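Labels below follow one simple rule: chain letters A, B, ... track the order of the sequence lines, proteins then strands, and each chain is numbered from 1. Treat the numbers as computed from the prediction; the structure is a model and nothing was measured.
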Amino acid sequence: MAINAREERETPMPASAPHPARIAAIRRRLLDWWRRDGRDLPWRRRRTPYRVWVAEMMLQQTQVETVRPYFARWLRRFPSFRALAAARQDEVLKCWEGLGYYSRARNMHAAARTVVHELGGRLPRTTAELRTLPGIGPYTAGAIASIAFGADEPVLDGNVIRVLCRLLAIRRNPSDARVRKSLWQLAGRLVPPGEAGPFNEALMDLGATICTPRRPDCRNCPLRTICDARAKGLQEQLPVKTRRKATPHYDVVVAVIIKGGRVLIDRRNDAGLLGGLWEFPGGKIEPGESPVQAVRREVREEIGIEVAPRSKPFITVSHAYSHFRITLQAFRCRHVRGRARAIGPAAVRWVDADKLTTYAFPRANQKVLRALQTLLSDRSSSAGESGKPEIA
DNA sequence: AAACCGTGGAA
DNA sequence: TTTCCAAGGTT
């Protein structure tokens, strides 16, 4: 780890900076434990730079069990930087569909093109160069450099923060930038030269399987005899956490406009929430407005056409995003007049009802889509068992 | 610095 | 049901 001597003087060491003997004990116990009890994960079978990068991007704020199927599918579909760089954004987002934080997928697409077209097809080896690629911040740079390239770099993620705060009984708030900085320094001192990758993976495995946020399994912890929080009975209290503020709630409507067997959908702008994904047109209900009025207004404003919604929604969906919640009502609509055009969205398209699943939709829209298909298939099967979908 | 950016599972 | 939070990054 490259340590800037000036910053080293200006930043106060943690009061509980470990002694060399303790550092050695932490390293040895953690590595011994990990070689026996470390997790066998798909992306660890072969630690190539591409596979490590894909895994680390998917694992940002996302649990291992969620990532597992996505990782397998992604590697099959985009086995290399070159394959990813050659793909279209719609294909990339379809492969990411449902994983959330979609800027990760768009950033990976852009980064792959930079790697292929400007970096000779290879990922940089240093954290500083890695950080210049979109989607790679301090954590991911350290993870790739240490795990894929064997560089002596630390990582600091939620797991490592939790383990370190408990191990040294750090009562300061890790969301404080100064505390975060000293935790990075601490992590850097702990990294055993030449074994940063295994050590970092061990630290994260410990945090994920033993030193968990709730009810840590201290009896089976390799560090139980040298853990300050354990000695003081503080393991459940650390790390200290700040109250998160209440998330707002919005009432939202969407329009399912069907005409001649085709459905009107739009693609969201790349910047912002759910960027680049397709959706049914709609938006928030304004104060004093009825749901049906909101449908008509939103479709007029965003798509430029007049529609006649049915009086009642065919499904109501509750959904939580990262920083707000919604209740979404979906209305089937008749197209009254006008030619659809992308006013607010990036694009609009009339799509065959049975081709909708080839587009990348956010989860809330997927719930609407499933309800719609159930509706349409029930109708066609009860209408005459012809097997042909009949779409009004 | 603080807000923004998804989703699913656990308790 | 609600809240928490999980291998963070960007602006």
Side-chain angles (χ1 to χ4, degrees), chain A residues 38-39 41-44 47 51-71 93 96-108 110-111 130-148 154-163 173-178 180-181 184 187 197 200-209 211-215 236 239 241-249 268-277 279 317-327 360-367:
Chain A
R39 290 176 293 179
L41 300 171
W43 41 92
R44 292 180 177 174
R47 293 178 175 84
R51 290 165 57 89
V52 170
W53 171 65
V54 172
E56 293 301 340
M57 291 299 297
M58 288 186 170
L59 287 162
Q60 288 171 6
Q61 296 288 286
T62 309
Q63 298 184 140
V64 163
E65 291 312 311
T66 303
V67 166
R68 217 182 268 275
Y70 282 90
F71 181 80
L93 286 174
W96 197 271
E97 181 185 40
L99 197 51
Y101 287 137
Y102 296 93
S103 69
R104 291 183 292 174
R106 286 181 279 110
N107 284 336
M108 288 179 74
L130 286 164
R131 294 263 326 247
T132 67
L133 291 170
I136 299 183
Y139 163 77
T140 306
I144 295 172
S146 62
I147 295 170
V155 296
L156 191 73
D157 70 340
N159 285 316
V160 178
I161 289 171
R162 189 168 56 255
V163 170
N173 190 340
S175 64
D176 183 322
R178 296 165 301 176
R180 188 69 65 100
K181 187 170 181 178
W184 270 105
N200 289 338
E201 289 187 338
L203 219 38
M204 292 189 282
D205 280 8
L206 187 74
T209 65
C211 198
T212 50
R214 287 178 285 255
R215 297 181 52 78
E236 305 252 12
K241 47 201 168 213
T242 55
R243 286 277 165 261
R244 91 175 39 180
K245 62 183 202 178
T247 60
H249 175 275
R268 297 175 62 88
N269 294 297
D270 280 346
L273 186 74
L274 309 170
L277 273 68
E279 66 178 4
V317 171
S318 295
H319 191 77
Y321 294 100
S322 49
H323 56 297
F324 64 93
R325 296 174 299 114
I326 64 166
T327 301
F361 284 89
R363 276 293 190 240
N365 271 259
Q366 287 181 27
K367 297 175 191 172

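Comparing B:dG6 with C:dT11, their P atoms sit 14 Å apart, to the nearest whole Å. For the P atom pair drawn from B:dA3 and C:dA7, the interatomic distance equals 24 Å after rounding to whole Å.
Remark: A:Gln60 is not in phosphate contact with C:dG8, judged by side-chain N or O atoms under 4.0 Å from OP1 or OP2. For the OP1/OP2 pair of C:dG8 and a distance below 4.0 Å, the side-chain nitrogens and oxygens of A:Thr62 include no atom meeting the criterion. Between A:Lys241 and C:dC5, a side-chain N or O to OP1/OP2 separation shorter than 4.0 Å is present. Using a 4.0 Å cut-off, no side-chain N or O of A:His323 falls inside it from OP1 or OP2 of B:dA3.
Side-chain contact, A:Glu97 with A:Tyr102: no donor N or O sits under 3.5 Å from an acceptor N or O. For the residue pair A:Arg104 and A:Thr62, a side-chain donor N or O sits within less than 3.5 Å of a side-chain acceptor on the partner.
Residue A:Ile144 is out of contact with every strand shown, counting any heavy-atom pair closer than 4.0 Å. As judged by a 4.0 angstrom heavy-atom cut-off over every strand, A:Val64 is placed among the base-contacting residues. Within 4.0 Å of A:Arg68, counting heavy atoms only, lies no atom of the nucleic acid at all.
Annotation: of the two residues near DNA chain B, A:His319 and A:Ala177, the 5′-most nearest-nucleotide partner is A:Ala177. Each of A:Thr247 and A:Ile136 was assigned the nucleotide of DNA chain C with the nearest heavy atom; the assignment lying further toward the 5' end belongs to A:Thr247. Place A:Glu56 and A:Arg131 on DNA chain C by their nearest nucleotides, and A:Glu56 ends up nearer the 5' end.
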Evaluation steps, side-chain contact (heavy atoms from CB on, under 4.5 Å), between A:Asn159 and A:Leu206: CA-CA 8 Å; A:Asn159 285 316; A:Leu206 187 74; over 6 Å; no
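Going from atom CH2 of A:Trp96 over to atom P of C:dG9 covers 12 Å, rounded to whole Å. The interatomic distance linking A:Glu65 (CD) with B:dG9 (P) rounds to 10 Å, in whole Å. Rounded to a whole Å, the CZ atom of A:Arg214 is 10 Å from the P atom of C:dC4. If you measure from atom CZ of A:Arg162 to atom P of C:dG8, you get 10 Å, rounded to the nearest angstrom. Following rounding to the nearest Å, A:Tyr101 (OH) and B:dT7 (P) show an atom-to-atom distance of 10 Å.
The base of B:dG9 does not come close enough to the side chain of A:Thr66 for any donor and acceptor atom to sit less than 3.5 Å apart. The base of C:dA7 lies close enough to the side chain of A:Arg39 for a donor and an acceptor atom to sit less than 3.5 Å apart. A donor-acceptor contact under 3.5 Å is not formed by the side chain of A:Tyr139 with the base of C:dG8.
Annotation: A:Trp43 is in aromatic contact with A:Phe71 [ring centroid separation under 6.0 Å].
Between A:His319 and A:Tyr321, the ring planes are perpendicular. Angles over 60° get that label, and only those under 30° would be called parallel.
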